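First the structure, in the form of structure tokens, and then the observations on it.
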Amino acid sequence: MSDTGLTVRTRVAPSPTGDPHVGTAYVALFNLAFARRHGGRFVLRIEDTDQARSTAASEAAIVASLRWAGIDWDEGPDIGGAYGPYRQSERVALYREHAERLVAQGDAFHCFCSPERLDALRRAQRERGENPGYDGHCLGVSEEERNRRLAAGEPSVIRLRVPRDGACRVEDRLRGMIEIPWAQVDMQVLVKSDGFPTYHLAVVVDDHLMGITHVLRGEEWIGSLPKHALLYRCLGWDMPEHAHLPLLRNPDRSKLSKRRNPTSLGYFRDVGYLPEALLNYLGLMGWSMPDEREIFSLDEMVEAFDLDRVATGGPVFDLEKLDWLNGQYLRGLSAEAFADRVAAWGLRRDRLLQLVPLVQSRTERLIDLAPQVDYLLGERPSLTAEHFAHRTLEEADCRRVLHHVLRVLDEMPEVTGEALLARCRALAESMDLKIRDFVFPQFVAVSGRSVALPLFDSVAFLGRDLARARIRSALEALGGVSKKEGKRLDRAFEALPAGPADRGPD
RNA sequence: GUCCCCUUCGUCUAGAGGCCUAGGACACUGGGUUUUCAUCCCAGUAACAGGGGUUCGACUCCCCUAGGGGACGCCA
């Protein structure tokens with residue numbers, strides 16, 4: 001609060017491990033609005049402490065997407081600031097230093113347990129019906145032994161020492177006092193064996209060092225609150241005020257996920273939502289204007305923002321209302337502005353250039369161009385099961401193919417025509433299908449017809465998210481995939497020789 | 001399973017004990033304007049999860065139950 005006399009500082013801290021998520025923009029919006037409202041500063045910090053999954057490409061995409069959405073930060077990895085660096089991989093020494101201090105104080109300890117042991121431990125605990133958690137095995141390691149094993153280069157991590165009795169009480173700005181028994185809190189790893197910190201250590205150290213006064217983050221973090229509170233205490237720091245925002249939900253009320261819905265900011269851009277409409281819509285999720293106005297700009301939201309008006313129930317991310325809102329914005333544009341938006345969206349030269357290799361050889365008169373690319377520049381027709389009638393493939397086969405392709409799409413780090421072709425060739429072969437047949441349901445799903453421009457290039461042009469949405473909707477047209485069938489298909493996919501690579505995060 | 005969070009129309013929400021015969025928006029239905037369609041305008045259907053308290057009075061406060069969600073990783 002501004003009444004603390006301190007400058008309000010908030011941050012959003014995405015992890016660069018995948019496509020830019022609409023939830024990131026949502027949390028960023030609230031942090032931004034709160035900071036601006038109180039004349040404070042809003043910071044972008046990149047949490048790239050997972051060396052295996054973080055990529056520079058993802059970071060770049062996130063930065064670009066947030067900017068596209070209209071989110072602006074005062075400090076960040078791309079623009080610098082007084083509290084840098086703003087990329088956690090560049091702050092490792094800092095975490096190390098604090099971790100060592102915690103070890104010296106006896107608040108943390110080295111652990112030499114192998115992943116295999118921990119795995120077996122957790123399995124056994126679950127079998128016994130106990131809560132999985134570290135058993136304190138290395139708590140008994142003497143200082144001499146520890147130093148010897150460390151000197152010998154034995155792999156180790158640093159864990160937080162957590163009290164066993166009592167409960168941790170922390171005030172949440174939105175939900176009031178939250179009390180969690182310490183027995184529920186695991187002895188969390190703070191420093192991994194690669195020397196990198198985990199989220200829990202890094203977030204506390206950075207939020208403190210960067211002068212963050214208010215942490216507005218997703219509800220999913222409530223369970224980690226005790227660890228963070230304990231770290232603040234052990235390090236002798238004041239804890240920033242915490243407010244856990246509700247989680248955006250799928251229509252079935254589970255946490256919004258890319259497996260069930262479009263979640264990538266790129267999707268919203270490619271389909272043609274205006275960033276100001278998207279931001280407005282996100283502002284309607286769990287928050288309302290004092291006068292109940294539903295159409296408002298970012299500036300208007302900033303002016304009126306008040307944490308007391310944040311609701312705690314998880315809002316369903318409902319595309320229908322977003323569509324209406326986007327329509328309001330689109331219709332409100334001048335003819336000039338509208339034309340500019342259309343051009344910037346789909347008729348850019350670079351975008352058109354991507355189309356040329358697909359259409360040039362098939363074109364005799366320019367007027368014939370539009371019908372060829374209709375499904376690439378526009379929505380494809382809606383489908384029914386009849387669209388999938390095929391001389392050899394049954395509906396069940398089509399479902400199987402589409403489901404598996406969806407999995408492939410999820411797993412590919414980058415969707416290119418060539419990569420997709422290679423992947424689908426292998427998949428078709430291991431499913432004992434001719435590529436020609438394998439490709440049929442995809443043509444229908446993606447283009448709405450069985451004959452269209454080259455499939456894989458079409459998918460690449462549309463992009464992962466749009467393609468995913470169309471295949472999902474095709475699957476619906478085929479009667480939908482029940483939870484049970486989904487599991488069965490997942491298993492079938494995983495059993496295929498050309499099956500899965502690593503599945504990405506949501 | 002354990003812990004935690006949440007619960008107003010199908011959906012987003014207003015409501016901080018009497019102003020509530022529960023308001024608005026999307027969606028839906030009906031009507032009007034319009035060369036079709038859309039826009040736009042008007043009207044309508046539709047909710048306080050259930051049960052106990054507290055109180056003169058509960059959507060609003062407390063408790064229990066139910067339902068939903070999240071977390072239980074060398075991921076964030």
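In this text, all values refer to a predicted model and were calculated from it rather than measured experimentally. Protein chains get the first letters and strands the later ones, always in sequence-line order, with residue 1 at the start of each.
For T49(A) and R309(A), each mapped to the nucleotide of RNA chain B holding its nearest heavy atom, the one lying further toward the 5' end belongs to R309(A). Mapping E294(A) and M289(A) onto RNA chain B by nearest heavy atom places M289(A) closer to the 5' end of the strand.
Contact of the V215(A) side chain with the E241(A) side chain is not registered, since no non-hydrogen atoms from C-beta on lie closer than 4.5 Å.
Ring pair Y273(A)/F268(A) is tilted by interplanar angle, where 30° to 60° counts as tilted.
Comparing rA71(B) with rU65(B), their P atoms sit 24 Å apart, to the nearest whole Å. The C1' atoms of rU29(B) and rC5(B) are separated by 38 Å, rounded to the nearest whole Å. Spacing between rG68(B) and rA22(B) at atom C1', rounded to whole Å, works out to 24 Å. Rounded to whole Å, the separation between the C1' atoms of rU11(B) and rC28(B) comes to 12 Å. With P as the reference atom, rG53(B) and rC59(B) are 15 Å apart, rounded to whole Å. Between the P atoms of rA76(B) and rU39(B), the separation comes to 47 Å (whole Å). Between rC40(B) and rU34(B), the distance separating the two C1' atoms is 10 Å to the nearest Å. Taking atom P on both rU45(B) and rG23(B), the two are 11 Å apart, rounded to the nearest angstrom.
By the 6.0 Å and 45° rule, R67(A) stacks over the aromatic ring of W73(A). Both tests pass for R159(A) against the ring of Y134(A): distance under 6.0 Å to the centre and angle within 45° of the axis.
Side-chain atoms of E130(A) stay outside donor-acceptor range of the base of rG1(B), with no qualifying N/O pair under 3.5 Å. The base of rA25(B) lies close enough to the side chain of K321(A) for a donor and an acceptor atom to sit less than 3.5 Å apart.
Both distances falling under 3.5 Å, in either a Watson-Crick or a G-U wobble arrangement, place rC61(B) opposite rG53(B). Checking rC72(B) for Watson-Crick or G-U wobble geometry (two distances, each under 3.5 Å) identifies rG1(B) as its partner. rC19(B) is unpaired under the criterion used here, namely a Watson-Crick or G-U wobble arrangement in which both key atom distances are under 3.5 Å. Across all strands shown, rU29(B) is found opposite rA43(B) as a Watson-Crick or G-U wobble partner, with both distances under 3.5 Å. Nucleotide rG67(B) forms a Watson-Crick or G-U wobble pair with rC6(B), both donor-acceptor distances falling under 3.5 Å.
Taking only side-chain atoms of D50(A), from C-beta outward, the nucleotide of rA76(B), rU11(B), rC74(B) with the closest atom is rA76(B). Checking rA27(B), rG69(B), rC3(B) against every side-chain atom of I180(A), the shortest atom distance belongs to rC3(B). In this structure, the nucleotide among rC3(B), rG70(B), rC74(B) sitting nearest to the side chain of L247(A) is rG70(B). For Q184(A), whose side chain is taken as the heavy atoms from C-beta onward, the closest listed nucleotide among rU2(B), rG24(B), rC74(B) is rU2(B). Taking the side chain of E320(A) as heavy atoms from C-beta on, and the options rC26(B), rU11(B), rA25(B), the nearest nucleotide is rC26(B). Among the nucleotides rC3(B), rU13(B), rG73(B), the one closest to any side-chain atom of P132(A) is rG73(B). Residue P181(A) places its side chain closer to rC3(B) than to any other of rA27(B), rA76(B), rC3(B).
Side-chain polar atoms of H244(A) and R175(A) form no donor-acceptor pair below 3.5 angstrom. S54(A) and D50(A) share no side-chain donor-acceptor pair at under 3.5 Å. Side-chain contact, E75(A) with Y86(A): a donor N or O sits under 3.5 Å from an acceptor N or O.
A sub-4.0 Å separation between OP1 or OP2 of rA14(B) and a side-chain N or O of S288(A) is present. In terms of phosphate contacts, R128(A) brings no side-chain nitrogen or oxygen within less than 4.0 Å of OP1 or OP2 of rU2(B). Look at R331(A) and you won't find any side-chain N or O under 4.0 angstrom from OP1 or OP2 of rA38(B). Between Q328(A) and rC40(B), a side-chain N or O to OP1/OP2 separation shorter than 4.0 Å is present. A sub-4.0 Å separation between OP1 or OP2 of rA71(B) and a side-chain N or O of K255(A) is present. Using a 4.0 Å cut-off, some side-chain N or O of R253(A) falls inside it from OP1 or OP2 of rU11(B). Between R126(A) and rG1(B) there is no side-chain N or O to OP1 or OP2 distance below 4.0 Å.
Nucleotide rU11(B) holds its P atom 15 Å from the CG atom of L248(A), rounded to whole Å. Protein atom NE2 of H21(A) is 17 Å distant from nucleotide atom P of rA76(B), rounded to whole Å. When rounded to the nearest whole Å, the span between CD of Q51(A) and C1' of rA76(B) equals 15 Å. With rounding to whole Å, L160(A) atom CG is found 15 Å from rC72(B) atom P. The distance between atom CG of D318(A) and atom P of rC9(B), rounded to the nearest whole Å, is 14 Å. Between L190(A) atom CG and rG73(B) atom C1' the separation is 14 Å, expressed in whole Å. Distance CG (D306(A)) to C1' (rA16(B)): 12 Å, rounded to an integer number of Å.
Shown here is E171(A), whose CD atom has more than 12 heavy atoms of other residues, nucleotides or ligands within 6.0 Å.
Using a 4.0 Å heavy-atom criterion, one finds that G133(A) contacts no nucleic acid atom at all. E292(A) comes within 4.0 angstrom of a nucleotide base, judged by non-hydrogen atoms across all strands. Within 4.0 Å of P315(A), counting heavy atoms only, lie sugar-phosphate atoms of the nucleic acid but no base atom. Base engagement by S193(A) is indicated by at least one non-hydrogen atom pair under 4.0 Å involving a base atom. When heavy atoms are screened at a 4.0 angstrom cut-off, C168(A) is found touching no nucleic acid atom at all. Within 4.0 Å of V189(A), counting heavy atoms only, lie sugar-phosphate atoms of the nucleic acid but no base atom.
For the side chain to side chain contact (heavy atoms under 4.5 Å, CB included) test with V157(A), the passing option among L190(A), D194(A), V189(A) is V189(A); the others fail.
Sorted pairs that involve residues 101-129 of chain A and meet ring pair (Phe, Tyr, Trp, His ring centres under 6.0 Å), not counting sequence neighbours, are lacking altogether.
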Before giving the answer on ring pair (Phe, Tyr, Trp, His ring centres under 6.0 Å), spell out for Y26(A) and F30(A) the whole-Å C-alpha distance, their side-chain angles and the decisive distance to 0.1 Å.
CA-CA 7 Å; Y26(A) 175 61; F30(A) 280 60; 4.9 Å; yes
Given salt bridge (Lys or Arg N to Asp or Glu O under 4.0 Å), test D74(A) with R36(A) step by step and report yes or no.
CA-CA 10 Å; D74(A) 302 303; R36(A) 292 255 197 285; 3.2 Å; yes
Filtered N/O pairs between nucleotides 5-8 of chain B and protein, under 3.5 Å:
unit_1: rC5(B); atom_1: O2'; unit_2: R175(A); atom_2: NH1; d: 2.3
unit_1: rC5(B); atom_1: O2'; unit_2: E219(A); atom_2: OE2; d: 3.0
unit_1: rC6(B); atom_1: O3'; unit_2: T312(A); atom_2: OG1; d: 3.3

